[in-house]
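These notes are about the structure you will find just below.
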Amino acid sequence: DVVMTQSPLYLPVTPGQPASIFCRSSQSPVFSDGNTYLSWFHQRPGQSPRRLIYKVSNRDSGVPDRFSGSGSGTDFTLKISRVEAEDVGFYYCMQGIYWPRTFGQGTKVEIK
Amino acid sequence: QVQLVQSGAEVKRPGASVKVSCKASGYPFSNFGFSWVRQAPGQGLEWVGWISPYNGNTKYARNVQGRVTMTTDTSTSTAYMELRSLRSDDTAVYYCGREPRVAAAGTLDYWGQGTLVTVSS
């Protein structure tokens, strides 16, 4: 199975400051159509995951522009330009070309 | 708008079966597939399987293969996940999520609200 490795697993953040989460895939999630199927999800306590980013860098509708995704090959980054209180929770990366689908372990973001 | 509404919480004995439903609305049902993802208490996300209402194709995770069956009912726009021979480590919140309808590349763009399945004697 493709292993998705996130770091850090715990990220205390100060409101207004930037934050970054890294994700490494054991195999590149580049599909034959040329697209890279790497997504990021945010899950608040007691809620379902919500997709933020798809195909590495495309923001979903309604996602604030302080969230951005980047990367290529096997290394990817989710960046929050200025953290807000509502950004707390867990963040997961996921590869979408290999079966089984696999997720990173999750990064817990907390306000300092 | 796209909505995935799941059935309510279940409590089952070890060895029993559970069937969770996921009713879709807001889009043509057969145009998209479903992945099922579970989350054990305090743990991360684990993919369980995928089904296409378009052609009935399925893919299952190895650790539930043989115990899980995913189906869809196009007349009611509902996807189902049945898990048999339940064990305590099947205790989790089970989510359905919308995926592409063919077994190619994709991502879960919409998620249900989750169904807690508790396996306890």
Side-chain angles (χ1 to χ4, degrees), chain A residues 1-6 9-10 21 23 25 27-63 69 76 89-108, chain B residues 1-7 9 20 22 24 26-27 32-52 57-65 68 70 92-116:
Chain A
D1 297 354
V2 175
V3 178
M4 307 298 289
T5 304
Q6 287 182 227
L9 300 184
Y10 174 66
I21 300 170
C23 175
S25 176
Q27 296 182 50
S28 175
V30 178
F31 193 55
S32 55
D33 63 4
N35 290 304
T36 301
Y37 286 81
L38 187 286
S39 305
W40 289 96
F41 299 88
H42 177 214
Q43 186 179 34
R44 295 190 179 100
Q47 294 188 13
S48 304
R50 173 200 182 194
R51 194 179 70 177
L52 300 175
I53 301 284
Y54 62 98
K55 294 181 191 175
V56 180
S57 59
N58 295 274
R59 252 191 324 273
D60 271 279
S61 174
V63 174
F76 305 94
F90 282 87
Y91 290 81
Y92 297 92
C93 60
M94 187 200 89
Q95 61 81 16
I97 77 166
Y98 303 100
W99 301 100
R101 302 288 197 232
T102 46
F103 294 87
Q105 316 97 300
T107 295
K108 184 176 184 178
Chain B
Q1 74 281 21
V2 174
Q3 279 196 305
L4 302 177
V5 179
Q6 298 182 224
S7 48
V20 180
C22 171
Y27 70 95
F32 291 86
F34 294 88
S35 266
W36 289 86
V37 174
R38 69 183 181 181
Q39 186 170 37
Q43 302 301 306
L45 302 172
E46 178 191 19
W47 180 82
V48 178
W50 167 88
I51 183 167
S52 170
N57 285 357
T58 55
K59 288 191 180 289
Y60 300 135
R62 271 191 299 278
N63 62 348
V64 296
Q65 183 87 42
V68 69
M70 294 179 183
V93 176
Y94 287 76
Y95 296 101
C96 61
R98 197 177 75 163
E99 275 247 42
R101 68 178 187 179
V102 293
T107 175
L108 289 81
D109 58 357
Y110 290 92
W111 295 62
Q113 83 276 19
T115 297
L116 175 61

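A, B, ... follow the sequence lines: proteins, then strands. Residue 1 opens every chain.
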Notebook entry, point to check: Looking at B/G114, B/G49, B/G97, B/A104, which one has more heavy-atom pairs under 4.5 Å with chain A than the rest?
Noted result: B/A104

Checklist line | Distance-minimising heavy-atom pair for B/G44 and A/Y92 | finding: CA-OH, 3.6 Å

Check: Applying a criterion of heavy atom separation less than 4.5 Å, what residues of residues 52-60 of chain A form contacts with chain B?
Finding: A/Y54

Notebook entry, point to check: Heavy-atom distance under 4.5 Å between the side chains of B/L108 and A/R51, does that happen here?
Noted result: no

Notebook entry, point to check: Given that the side chain runs from C-beta out, which part of B/V37 has a heavy atom under 4.5 Å from chain A: side chain, backbone, both or neither?
Noted result: side chain

Check: Is the backbone N or O of B/G112 less than 3.5 Å from a side-chain atom of A/S48, with the two atoms forming a donor-acceptor pair by type?
Finding: yes

Item checked: Check against side chain to side chain contact (heavy atoms under 4.5 Å, CB included), A/R101 and B/K59 -> CA-CA 10 Å; A/R101 302 288 197 232; B/K59 288 191 180 289; over 6 Å; no

Item checked: Ring geometry between B/W111 and A/F41 (parallel below 30°, tilted from 30 to 60°, perpendicular above 60°) -> perpendicular

Next item on the list: Please name the pair of heavy atoms, one in B/G106 and one in A/Y37, separated by the smallest distance, quoted to 0.1 Å.
Entry: N-CD2, 3.6 Å

Next item on the list: Look up atom CG in A/D1 and atom CZ in B/R62, then write down how far apart they are to the nearest 0.5 Å.
Entry: 4.0 Å

Checklist line | Between A/Q43 and B/Q39: side-chain donor-acceptor atoms closer than 3.5 Å | finding: yes

Next item on the list: Name the region of B/Q43, side chain, backbone, both or neither, that has any atom closer than 4.5 Å to a heavy atom of chain A.
Entry: backbone

